[in-house]
There are 2 protein chains.
Amino acid sequence: VKLDELYALLKRRGVLWPSAELYGGSQGLYDYGPLGHALKRRIESAWESWFLGLSPRYHRIEPAEILPEAVVRASGHLENFTDPEVTCGNCGAAFRADTVLEKVRPDGVDGLSPAQIGELVQSHRVKCPSCGKEALSVPRPFNMMFGLDLGVTGKEKGYLEPETAQASFLSFPRMWDVGRRALPLGIAVVGHAYRNEIAPRQVLFRMRAFTQAELQIFFDPAEFAPELGPLGSLALPVLRAEDRLAGNETVREVAAEELVRSGGLPEFYVYHLAQSYRFYRDVLGYRPASIRFYEKSKEERAFYNRIQFDIEVELESLGGFRELGAVHYRGDYDLGRHAQASGQDLHVTPTNHPPVLPHVLELTFGVDRNLWALADQHLAQDGERRLWRLPAYLAPVPVAVFPLLWKEHSAEALRIVERLREAGLPAAFDDTGTIGKRYARADEAGTPYCLTVDHETLDPAGAGFGTVTLRDRDTKAQERVTIDALAVRLAPAQRFPRPGPAAAA
Amino acid sequence: VKLDELYALLKRRGVLWPSAELYGGSQGLYDYGPLGHALKRRIESAWESWFLGLSPRYHRIEPAEILPEAVVRASGHLENFTDPEVTCGNCGAAFRADTVLEKVRPDGVDGLSPAQIGELVQSHRVKCPSCGKEALSVPRPFNMMFGLDLGVTGKEKGYLEPETAQASFLSFPRMWDVGRRALPLGIAVVGHAYRNEIAPRQVLFRMRAFTQAELQIFFDPAEFAPELGPLGSLALPVLRAEDRLAGNETVREVAAEELVRSGGLPEFYVYHLAQSYRFYRDVLGYRPASIRFYEKSKEERAFYNRIQFDIEVELESLGGFRELGAVHYRGDYDLGRHAQASGQDLHVTPTNHPPVLPHVLELTFGVDRNLWALADQHLAQDGERRLWRLPAYLAPVPVAVFPLLWKEHSAEALRIVERLREAGLPAAFDDTGTIGKRYARADEAGTPYCLTVDHETLDPAGAGFGTVTLRDRDTKAQERVTIDALAVRLAPAQRFPRPGPAAAA
């Protein structure tokens with residue numbers, strides 16, 4: 001499946017479309033329609049259920065998404081959150097340096113200096129993608145944050161947050177009290193991040209506004225040691241930085257305990273790699289062979305990270321592996337910077353422990369990118385039939401209810417919709433077209449269960465009284481089920497997998 | 001309860017706090033902590049369950065929150081979304097005109113021209129609140145939208161959306177197809193709105209970033225006639241504009257059907273007033289005597305509205321009635337403006353009907369303000385005990401699980417937490433302090449159910465094996481309940497009230 005085809009399908013089904021389409025769209029901004037919104041929320045709930053399920057000491061907060069300048073100065077974003085931009089001396093068009101160098105350096109320009117990028121542009125005689133002339137400038141840094149004026153004076157600057165993490169760091173002192181002064185303390189945010197991309201593209205993969213789900217775990221490095229336990233034998237598909245630098249791009253399956261024993265990684269880090277792997281494989285259901293943990297080298301990773309593995313998944317529509325999340329060991333960089341800049345001591349003193357400036361382990365997850373990946377990997381063709389094989393708990397519409405005949409069966413179908421919604425199942429009602437067409441529509445929307453109300457349902461003399469036809473998306477099998485039994489029968493659509501009992505803290 | 005006291009309590013409990021507090025806070029921006037976030041989501045879910053429950057043809061979408069300039073030009077915001085601002089010629093401080101005129105005109109300055117406001121400032125010799133000099137300028141309009149540069153050129157302007165409604169209007173053509181080309185069609189958005197308030201204040205009541213829940217119902221005015229039915233006899237507390245203009249500020253209880261018969265209001269409008277009243281009274285549980293529908297006169301209401309009743313609730317902490325939502329009949333203003341500005345015909349042709357430019361009925365709901373109102377109205381003092389009498393389905397933490405003794409009972413308590421979470425109940429674990437202190441903490445957080453695991457729970461020889469103590473927040477009554485029965489017993493915390501079976505469309 002190609003990117004354009006997949007995007008066309010998602011638009012047609014109202015999963016998403018360009019924002020402000022009536023005015024020709026707004027680059028890098030998308031609106032989610034009903035299916036897209038519902039799927040996005042289910043992804044977020046699955047993420048929350050899983051990662052906040054790791055400990056009762058992890059909490060979700062909802063911070064404002066505008067940061068005052070002092071924050072982005074302290075975090076380094078004001079200085080460093082830039083992309084190299086080249087402009088055309090002939091036509092004036094502007095581009096991200098990596099996009100004009102795509103053929104020359106398909107892996108991007110991370111780690112190259114502006115001068116090195118400039119040399120590449122020159123030596124390969126790269127032409128302006130707009131006008132075709134060889135007139136591209138030496139790159140200059142372009143800050144990707146969106147700035148705002150706060151208030152009327154023009155003196156107070158704010159920024160749309162370039163990442164949700166800063167809000168977690170800022171909330172740490174309050175959360176220390178809320179969490180009853182114990183470590184580890186997890187702070188999760190599902191929120192927007194904003195980046196003024198020079199060249200938004202690939203639909204949900206380089207957007208100007210997107211949703212991140214992140215968990216920052218604040219811990220004492222002398223104490224934090226979640227045990228691998230049975231996870232020790234889990235084989236993780238890793239591509240180590242040292243292997244890559246030695247020219248070996250082969251993913252190796254390495255047992256988690258082996259990564260600790262001889263791989264030089266701390267157990268707490270590997271534990272979270274393993275739990276992440278389970279999430280991508282078992283909860284989101286990506287094909288195991290399509291998942292890899294891509295280690296960034298010291299030169300490649302963000303300067304504040306001590307260890308960084310990106311979680312990459314192979315996507316046909318994007319022609320290769322793409323980053324969908326990451327596990328960052330940020331050390332004490334963040335609290336240290338904010339302590340320095342704000343003049344407030346951020347050391348904490350857990351009961352019976354010496355004071356410590358907590359370290360941060362950060363689990364990041366791109367909600368939009370994963371939504372796309374779920375379409376890429378789970379949309380399938382079965383002969384003439386197109387179906388979206390989403391796990392039931394991720395299906396945007398877990399159950400659709402059809403009246404066989406509009407006039408005779410609508411009232412009962414709506415009663416069933418109401419009853420399922422009361423039980424917490426977001427049931428949909430569809431009375432348009434033949435039952436076959438409605439099945440086709442439901443298959444394409446990923447709906448695992450379709451219910452049809454017919455004359456049997458309503459005939460008190462018949463054997464089918466009080467039953468409906470339940471049809472399974474994947475097998476197409478049909479059976480009669482009593483209405484009273486539906487809530488239990490459809491329960492798989494309401495249960496998000498969880499990582500297992502949390503250890504006593 | 002005073003505003004400052006209530007705010008202090010909410011901060012202390014981690015419901016909310018000033019954003020970027022580490023740097024002294026950012027005016028008009030707040031972060032929600034774990035309790036605040038959970039309560040906010042429950043309010044949003046309750047709203048969605050109720051208002052999307054009105055029809056299976058109502059859908060929720062999630063649009064981008066940045067609008068290109070063409071949109072806010074067409075909507076009128078670029079020209080009209082202004083507040084009169086006065087600046088001090090002496091010290092340079094800037095103020096919203098209504099804030100400096102608060103004592104002179106407590107009802108605000110809506111409908112006054114800049115010249116009239118200037119005269120009031122002059123004639124009452126209003127002093128600068130900052131420096132105390134009589135040096136305030138004549139008001140000038142200050143546009144309250146936050147502007148952004150999109151891309152690198154500096155030529156493409158965007159704006160943080162000043163209201164979520166525009167995104168609904170823009171999505172109408174896509175949603176017309178998604179909704180299978182039938183009216184009424186409802187589009188709901190729960191999203192952020194941004195306003196560069198000159199003088200943010202009163203915590204959640206005048207913020208620079210806040211959350212709106214809105215439902216725009218697109219309908220054919222010749223066809224849309226939801227029947228009042230049994231709602232006809234519901235008495236609605238109205239303050240009519242004509243009564244107010246005649247000097248009568250008394251709220252009258254008028255039966256819904258009477259508002260149609262002799263009150264000059266269309267039935268579809270009154271139907272939604274009545275459903276809104278039920279929501280505020282029965283779902284959010286505000287005291288009936290504290291709710292009123294405040295009709296805006298032609299001069300007071302937004303120019304695009306044909307009918308506007310604000311939903312106001314009396315709040316002790318704010319010293320009077322405050323707007324928490326509204327019902328706006330916007331006619332065909334919005335689609336008309338966007339059709340004209342975009343050059344696209346937005347008439348639609350439902351099956352067997354003539355083409356129509358749909359009208360819009362808009363139900364707005366301020367999520368943050370209602371969160372505050374739920375604290376104002378439901379936080380109670382019972383002797384020494386402070387408790388937050390939230391309905392169980394709104395409680396941020398519906399159930400808390402306590403091990404009586406940390407060492408002996410934590411593992412079982414965590415198993416119960418896990419089991420309840422698997423069943424969809426966000427249970428919390430609390431092992432800090434005496435059981436009495438934990439009850440007190442839970443009471444203040446609004447937790448309706450507390451469970452305690454003790455030696456009886458684990459003693460296979462005793463009568464209490466497999467049971468826990470369930471303690472009720474409001475009555476303080478305690479009973480032993482078997483762990484297996486908990487999910488059913490606690491079900492009230494999972495069921496949002498619904499408006500009743502939707503009528504066949």
Side-chain angles (χ1 to χ4, degrees), chain A residues 14 17 19-23 26-27 29-34 37 40 53 56 59-68 70-71 85 94 142 146 148 150-153 167 170-171 173-174 178 180 196 198 209 338 342 344 410-411 414-415 417-418 421-422 424 429 432 494-495 498 501-502 504, chain B residues 14 17 19-23 26 29-34 37 40 53 56 59-68 70-71 85 94 142 146 148 150-153 158 167 170-171 173-174 178 180 196 198 209 338 342 344 410-411 414-415 417-418 421-422 424 429 432 494-495 498 501-502 504:
Chain A
W17 54 75
S19 193
E21 203 177 10
L22 204 51
Y23 293 90
S26 187
Q27 266 203 305
L29 297 175
Y30 296 87
D31 294 349
Y32 287 107
H37 165 66
K40 183 165 177 282
H59 307 278
R60 183 164 160 190
I61 64 169
E62 186 176 333
E65 300 185 341
I66 295 174
L67 300 173
V71 174
E85 172 210 357
F142 171 74
F146 287 108
L148 302 170
L150 300 175
V152 294
T153 63
L170 295 179
S171 75
R174 282 271 173 201
V178 170
R180 292 197 279 291
N196 192 5
I198 302 169
H338 285 301
S342 69
Q344 313 223 20
S410 277
L414 283 167
R415 262 191 295 273
V417 166
E418 179 60 24
R421 289 193 179 191
E422 273 172 8
F429 173 78
T432 317
Q494 281 184 293
R495 299 250 161 91
R498 297 182 43 84
Chain B
W17 54 74
S19 193
E21 203 177 9
L22 205 50
Y23 292 91
S26 188
L29 297 174
Y30 296 87
D31 294 350
Y32 288 106
H37 165 66
K40 182 165 176 281
H59 308 277
R60 182 164 159 190
I61 64 170
E62 185 174 334
E65 300 185 340
I66 294 173
L67 300 172
V71 173
E85 172 209 358
F142 172 74
F146 286 109
L148 303 170
L150 300 175
V152 293
T153 62
L170 296 178
S171 75
R174 281 275 173 197
V178 170
R180 292 197 279 290
N196 192 5
I198 301 170
H338 285 301
S342 69
Q344 311 222 22
S410 277
L414 283 167
R415 262 192 295 275
V417 166
E418 180 60 25
R421 287 193 180 190
E422 272 172 8
F429 173 77
T432 316
Q494 281 185 296
R495 299 252 161 89
R498 297 184 40 85

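What you see is a predicted model; the values in this text were computed from it and never measured. All values below were derived from every heavy atom in this structure, side-chain atoms included, with hydrogens, water molecules and symmetry-related copies excluded. A note on names: the letters A, B, ... follow the listed sequences, proteins ahead of strands, and every chain is numbered from 1.
Counting heavy-atom pairs under 4.5 Å between each of Val417(A), Asn196(A), Val178(A) and chain B puts Asn196(A) at the top. Top candidate by heavy-atom pairs under 4.5 Å with chain B, chosen from Gly33(A), Gly424(A), Ala94(A), is Gly33(A). For the set Glu21(A), Gln27(A), His59(A), the entry with the most heavy-atom pairs within less than 4.5 Å of chain B is Glu21(A). When the candidates Pro68(A), Gly14(A), Ser19(A), Gly151(A) are compared by the number of heavy-atom contacts under 4.5 Å with chain B, Gly151(A) comes out ahead.
Taking OG1 from Thr432(B) and CZ from Arg180(A), the interatomic distance works out to 4.5 Å, rounded to the nearest 0.5 Å. Interatomic distance, His37(A) NE2 to Asp31(A) CG, rounded to the nearest 0.5 Å: 12.5 Å. Of the inter-residue distances, the one linking Leu414(B) atom CG with Phe429(B) atom CZ reads 4.0 Å to the nearest 0.5 angstrom. Distance check, rounded to the nearest 0.5 Å: CD of Glu422(A) to CZ of Arg498(B) gives 6.5 Å.
Proximity to chain A (any heavy atom under 4.5 Å) is shown, for Pro34(B), by both the backbone and the side chain. If you measure heavy-atom distances from Val152(B) to chain A, the contacts under 4.5 Å come from both the backbone and the side chain. Looking at Gln494(B), there are no atoms closer than 4.5 Å to chain A (heavy atoms on both sides), in backbone or side chain. Looking at Tyr30(B), the atoms closer than 4.5 Å to chain A (heavy atoms on both sides) all sit in the backbone: N, CA, C or O. Heavy atoms of Arg60(A) lying under 4.5 Å from chain B belong to its backbone as well as its side chain.
Of the candidates Leu170(B), Leu67(B), Leu150(B), Ile66(B), Leu150(B) is the only one forming a side chain to side chain contact (heavy atoms under 4.5 Å, CB included) with Ser26(A).
Listed by chain and number, the residues in a ring-ring contact (aromatic ring centres under 6.0 Å, His included) with Tyr23(A) are His338(B) (sequence neighbours excluded). Among residues two or more places apart in sequence or in another chain, the side-chain hydrogen bond (donor to acceptor under 3.5 Å, both in side chains) test is passed with Arg421(A) by none.
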